[in-house]
Engineer: 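Just passing along the structure, written as structure tokens.
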Number of protein chains: 2
Amino acid sequence: MKHQKPYEPSHGLELGDFRMTKQRQVVYDVLMAKLDHPTASEVYSRTVTLMPTISLATVYNCLETMTQCGLVKQVNLDRAPSRYCANLKEHAHFYCEECGEVTDLELKSGVKSTNAWKLPRGSRVDHVEAAIKGVCPACTRSKN
Amino acid sequence: MKHQKPYEPSHGLELGDFRMTKQRQVVYDVLMAKLDHPTASEVYSRTVTLMPTISLATVYNCLETMTQCGLVKQVNLDRAPSRYCANLKEHAHFYCEECGEVTDLELKSGVKSTNAWKLPRGSRVDHVEAAIKGVCPACTRSKN
DNA sequence: GTGAATGCAAAACCTTTGCAACTGG
DNA sequence: CCAGTTGCAAAGGTTTTGCATTCAC
């Protein structure tokens, strides 16, 4: 069985041998420029306008590396292509079934993200991934 | 943009034209027989021992159809192959990074699954998907 | 200088699909 | 009977990989 790599805390940012190449810089800039949740190919489309020679494979590599380093987060909703997100604070994702937008939901203060669930005593929690599907306020309003 | 199909409540089980074929029966039986979280190909491996002529594509079709009907749930963790689950009560999933097992976490009573997150006023919530990664009690114990 | 990263194309992987044959109600 | 389902093989779309070239440190 192929296990996940153990989750690396995103603060601390242990970059190790991380080399800041031009490509990585552009990919990172693109992610920071617009805090929506682009897929790898959307990131590619945006980077290619800034650096026409970059390849899709490199974008994938950069996103993977940055995910490992904790610079960005990979967001997976169902089987859809992964999206990437530069918001490093703990948060959930809201997926609007009408407009397809993904927005971040902050954690309420003083609350643990696991607090709704019965965790067996003795579990160690490393990471919580919460996705909420529904209809966003804007789409709810425009529906009638 | 290709949207999700709207989420269908799993109670009520509107089966519509659903035809209980031998293949679907076997797939369903296999899922009920062991409430772990097999992937499509694990389901295939198990069904094939009971019905050697079944094809992998049919297993995928059956799982898809049953997911639509609300008979089973599709569980997606990261980019790993989808797993399937016959537990229809609202629950979260715990993924153990040591042993790779996926277990169900019940919702605490009197609590909403969204309660940790700041939902914008006016959002409609249809469905919550929560995945918790960590180390299960058994693996935590055996580590030292 | 040297190991790491890139770019390209090809492969890998999970999943879906087209279609003729079959079957459940 | 006949729409819905199967099985097969082939295609689909996303992501990864092998390898020669280039580059950051």
Side-chain angles (χ1 to χ4, degrees), chain A residues 1-5 14-30 37-45 47-69 71-84 100 102, chain B residues 1-5 14-30 37-45 47-69 71-84 100 102:
Chain A
M1 162 158 304
K2 194 180 162 193
H3 286 170
Q4 307 285 135
K5 298 202 181 59
E14 304 194 19
L15 303 184
D17 271 331
F18 186 88
R19 255 180 219 189
M20 186 49 83
T21 62
K22 286 170 189 154
Q23 288 82 350
R24 287 177 179 176
Q25 187 66 60
V26 175
V27 167
Y28 188 65
D29 289 349
V30 157
H37 297 76
T39 62
S41 48
E42 283 162 353
V43 173
Y44 174 68
S45 307
T47 49
V48 122
T49 65
L50 303 171
M51 177 185 271
T53 58
I54 201 172
S55 73
L56 179 57
T58 297
V59 170
Y60 271 104
N61 286 337
C62 291
L63 291 170
E64 160 74 6
T65 307
M66 290 169 160
T67 302
Q68 297 298 324
C69 295
L71 286 171
V72 305
K73 284 182 177 173
Q74 191 187 57
V75 179
N76 295 298
L77 284 127
D78 300 327
R79 305 254 88 223
S82 295
R83 296 160 177 267
Y84 295 85
V102 176
Chain B
M1 163 161 301
K2 194 179 161 194
H3 286 170
Q4 307 285 136
K5 298 202 182 57
E14 304 194 18
L15 303 183
D17 272 329
F18 185 87
R19 241 179 232 190
M20 186 48 84
T21 61
K22 286 169 189 154
Q23 289 83 348
R24 287 177 179 176
Q25 187 67 61
V26 176
V27 168
Y28 188 65
D29 290 349
V30 157
H37 297 75
T39 62
S41 49
E42 284 163 352
V43 173
Y44 174 69
S45 307
T47 49
V48 122
T49 66
L50 303 170
M51 178 186 271
T53 59
I54 201 172
S55 73
L56 179 56
T58 298
V59 170
Y60 271 103
N61 286 337
C62 292
L63 291 170
E64 160 74 6
T65 308
M66 289 170 163
T67 302
Q68 298 297 325
C69 296
L71 286 171
V72 305
K73 284 182 178 174
Q74 191 186 57
V75 179
N76 295 298
L77 284 127
D78 300 325
R79 303 256 88 221
S82 296
R83 296 160 176 269
Y84 296 85
V102 176

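In what follows, chains are A, B, ... by sequence order, proteins preceding strands, each numbered from 1.
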Engineer: Test B:L77 against B:R83 for side chain to side chain contact (heavy atoms under 4.5 Å, CB included), laying out the working first.
Structural biologist: CA-CA 8 Å; B:L77 284 127; B:R83 296 160 176 269; 4.1 Å; yes
Engineer: Quickly work out the A:M51 CE to C:dA5 P distance and round it to whole Å.
Structural biologist: 15 Å
Engineer: Polar pairs (N or O, both sides) under 3.5 Å between protein and nucleotides 3-5 of chain D?
Structural biologist:
from  : atom 1 : to    : atom 2 : distance (Å)
D:dA3 : N3     : B:R19 : NH2    : 3.2
D:dG4 : O4'    : B:R19 : NH2    : 3.2
D:dT5 : OP1    : B:R24 : NH1    : 2.8
D:dT5 : OP1    : B:R24 : NH2    : 3.1
D:dT5 : O5'    : B:R24 : NH2    : 3.4

Engineer: Looking at B:T39, is its backbone amide N or carbonyl O close enough to the side chain of B:E42 to form a donor-acceptor pair, meaning the two atoms are under 3.5 Å apart?
Structural biologist: yes
Engineer: Mark up nucleotides 9-15 of chain C, 5' to 3', with B wherever a protein heavy atom is under 4.0 angstrom from a base atom, S wherever such an atom reaches only the sugar-phosphate, and - elsewhere.
Structural biologist: B----SB
Engineer: Quick check on the helix from C:dG1-D:dC25 to C:dG25-D:dC1: what's the angle between its two end axes, five base pairs per end, to the nearest 10°?
Structural biologist: 50°
Engineer: Suppose we screen for side-chain contact (heavy atoms from CB on, under 4.5 Å). Which residues come up paired with A:Y44, at least two apart in sequence or across chains?
Structural biologist: A:T47, A:V48, A:I54, A:L56, A:V59
Engineer: First locate atom SG of B:C62, then atom OH of B:Y84, and finally report the distance between them rounded to the nearest 0.5 Å.
Structural biologist: 11.0 Å
Engineer: For the backbone of B:V102 and the side chain of B:H37, can you confirm whether one donor and one acceptor N or O come within less than 3.5 Å of each other?
Structural biologist: yes
Engineer: Take the protein atom CD of B:Q68 and the nucleotide atom P of C:dT16, then report the distance between them rounded to whole Å.
Structural biologist: 10 Å
Engineer: Whole-Å distance between D:dC23 P and A:I54 CD1?
Structural biologist: 14 Å
Engineer: Can you tell me how far P of D:dT6 sits from CD of B:E64, to the nearest Å?
Structural biologist: 12 Å
Engineer: Report the residue (B:K22 or B:N61) whose heavy-atom-nearest nucleotide on DNA chain C is the more 5′ of the two.
Structural biologist: B:N61
Engineer: In whole angstrom, what separates A:Q25's CD from D:dA24's C1'?
Structural biologist: 13 Å
Engineer: Separation of A:Y44 atom OH from C:dT6 atom C1', in whole Å?
Structural biologist: 13 Å
Engineer: In terms of side-chain heavy atoms of B:T53, which of D:dC25, C:dG24, D:dG7 is nearest?
Structural biologist: D:dG7
Engineer: What's the CG-P distance between B:D78 and D:dT15, to the nearest Å?
Structural biologist: 12 Å
Engineer: Go through the structure and list residues passing side-chain hydrogen bond (donor to acceptor under 3.5 Å, both in side chains) with B:N76, not counting sequence neighbours.
Structural biologist: A:R79, B:Q74, B:S82
Engineer: From CG of A:L63 over to P of C:dA5, roughly how many Å is that when rounded to an integer?
Structural biologist: 15 Å
Engineer: Side chains of residues 20-28 of chain A: which donor-acceptor pairs under 3.5 Å do they make with residues two or more places apart or in other chains?
Structural biologist:
from  : atom 1 : to    : atom 2 : distance (Å)
A:T21 : OG1    : A:R24 : N      : 3.2
A:R24 : NH1    : A:R19 : O      : 3.1
A:Q25 : NE2    : A:D29 : OD1    : 3.0

